[in-house]
Amino acid sequence: MSLSRYLKSYKSVSRHWCVGFAFIFLLKNKGIKKPEDDLIDFLEPSGSRTTARNGTLGPSPFISMSIQQRSQIRRQVRKTRANLTALQQQRAEQTVTLQALDLIQQRQAQNIALYLSFDGEISTHALIKKLWEQNKSVFLPVLHPFAEHHLLFLRYLPDTPLVQNQFGIWEPKLNVQNVLPLNELDILFTPLVAFDKHGNRLGMGGGFYDRTLQHWQKKSFIPVGLAHSCQQFESLPVESWDVPLFAILVG
């Protein structure tokens, strides 16, 4: 599908859905520093995206087209998301918080990974506060200091010291005593830039969550995306490394 068709599809969807309408998107049986435009694809096409299908380094023409499509989609969605009003953001946060708490109760989850919202993402502050009140264990992603493009998940408490990472995102100060093995998580809530009806997730381009979510079906946790309704596409360009989510909660 051409790039123009993807953007046309997105504009049609955003025009109808980015008005505060809320729903839960579930895949059954599948289980504050604003970045500059050149930071949108801050690590792409590095990492897995530089490996062509024949095993040689450097993107093939087909992969390059996909990267171009993804970059255009990121820019378009971020622009739309940035235009949401404070009231729309507040309503989205309230809706997603209730949905997430209901899912957590259904799954009887105790160890929950979240993230601190960034660049117009739905705020997670209310959800984190509620989880603390319920004595749930909250964990936040931290850039791995040695394994490039990988994440660690550290316990997050009200008095946890925070630092800004290289992308301007707040994360807990690294303390190995607070690291939780990935397989001990129950739910991993992920940020995203765009998603489609198949549960495909388009992130910021660094591949951090792609690596984290590999083979999640064989692990203890379920990955759940959080998104505004205006981030939905009919279909996204996907590659072999993309991992569909278990669910997407939409506000």
Side-chain angles (χ1 to χ4, degrees), residues 17-32 81 84-142 151 153-160 162 169-172 178 180-195 197 199-201 203 209 212-213 216-217 219-232 243-251:
W17 294 104
C18 197
V19 291
F21 183 78
F23 60 97
I24 303 178
F25 181 85
L26 293 174
L27 294 180
K28 300 298 184 181
N29 301 321
K30 291 187 178 181
I32 250 165
R81 191 170 63 183
L84 293 174
T85 66
L87 181 59
Q88 286 175 310
Q89 285 281 8
Q90 182 182 19
R91 288 175 174 172
E93 178 185 12
Q94 292 171 346
T95 299
V96 165
T97 297
L98 292 175
Q99 294 173 357
L101 290 172
D102 184 56
L103 178 62
I104 290 166
Q105 182 179 17
Q106 291 178 22
R107 304 286 300 193
Q108 297 183 334
Q110 178 60 37
N111 293 333
I112 298 119
L114 272 156
Y115 56 90
L116 297 182
S117 306
F118 178 70
D119 188 42
E121 296 165 346
I122 292 179
S123 175
T124 57
H125 291 294
L127 177 56
I128 290 172
K129 185 176 179 181
K130 286 288 186 181
L131 294 177
W132 283 338
E133 292 174 357
Q134 296 178 3
N135 294 317
K136 302 291 186 180
S137 297
V138 177
F139 298 84
L140 295 181
V142 173
L151 297 172
F153 288 87
L154 272 66
R155 182 75 181 272
Y156 180 46
L157 297 168
D159 60 350
T160 297
L162 298 174
I169 301 173
W170 291 97
E171 62 181 31
N178 295 331
L180 184 76
L182 190 62
N183 208 42
E184 293 184 21
L185 288 173
D186 298 312
I187 300 179
L188 194 160
F189 289 102
T190 74
L192 54 86
V193 176
F195 70 97
K197 65 181 182 180
N200 294 309
R201 168 192 175 275
Y209 279 94
T212 300
L213 300 180
W216 67 261
Q217 297 89 341
K219 299 176 182 177
S220 62
F221 67 86
I222 57 170
V224 178
L226 303 179
H228 294 283
S229 53
C230 58
Q231 296 174 245
Q232 183 187 13
V243 181
L245 301 177
F246 174 84
I248 301 170
L249 308 185
V250 185

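- Using a 4.5 Å heavy-atom cutoff, the side chains of F139 and L188 are not in contact.
- With T124 contributing its side chain and L127 its backbone, the two residues share no donor-acceptor pair below 3.5 Å.
- Proximity of Y115 to T190: side-chain heavy atoms (C-beta onward) are nowhere separated by under 4.5 Å.
- For the atom pair CG (L226) and OG1 (T95), the distance works out to 12.0 Å, reported to the nearest 0.5 Å.
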Going through the checks in order, is the side-chain contact (heavy atoms from CB on, under 4.5 Å) test met by L182 and K219?
CA-CA 8 Å; L182 190 62; K219 299 176 182 177; 3.8 Å; yes

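- Among all heavy-atom pairs drawn from L114 and L131, the shortest one is CD1-CD1, 3.7 Å.
- Counting heavy atoms from C-beta outward, I128 and L116 have side chains that approach closer than 4.5 Å.
- In this structure, the side chain of W216 engages the main chain of P244 through a donor-acceptor pair within 3.5 Å.
- Within the 3.5 Å criterion, the main-chain N or O of D186 finds no donor-acceptor partner in the side chain of N111.
- Within the 4.5 Å cutoff, no side-chain heavy atoms of E171 are placed close to those of L140.
- Not a single donor-acceptor pair under 3.5 Å links the side chain of Q231 to the backbone N or O of F195.
- A donor-acceptor pair is defined here as one N or O able to donate and one able to accept, closer than 3.5 Å; no such pair exists between the side chain of N178 and the backbone of R155.
- A pairwise comparison of heavy atoms in F221 and I187 identifies CB-N, 4.2 Å as the closest pair.
- For the atom pair OG (S117) and CD (Q89), the distance works out to 8.5 Å, reported to the nearest 0.5 Å.
- Applying the side-chain hydrogen bond (donor to acceptor under 3.5 Å, both in side chains) rule to Q106 yields the partners D102; only residues at least two apart in sequence or on another chain are considered.
- Residues P191 and E121 share a closest heavy-atom pair of CB-OE2, 3.5 Å.
- Heavy-atom minimum distance, A227 versus L192: CB-CD1, 3.5 Å.
- With sequence neighbours excluded, the residues forming a side-chain contact (heavy atoms from CB on, under 4.5 Å) with A92 are I122, H228, listed by chain and number.
- Considering only heavy atoms from C-beta on, L103 stays 4.5 Å or farther from Q99 through its side chain.
- Evaluation of the side-chain hydrogen bond (donor to acceptor under 3.5 Å, both in side chains) test over residues 129-139, restricted to residues two or more places apart or in two chains, returns none.
- The CZ atom of R201 lies 7.0 Å from the CG atom of L213; values are rounded to the nearest 0.5 Å.
- Closest non-hydrogen pair, L180 versus E184, comes out as CD1-OE1, 3.2 Å.
- Residues I112 and L185 approach most closely at C-CD2, 4.4 Å, considering heavy atoms.
- A donor-acceptor pair is defined here as one N or O able to donate and one able to accept, closer than 3.5 Å; such a pair exists between the side chain of R81 and the backbone of D119.
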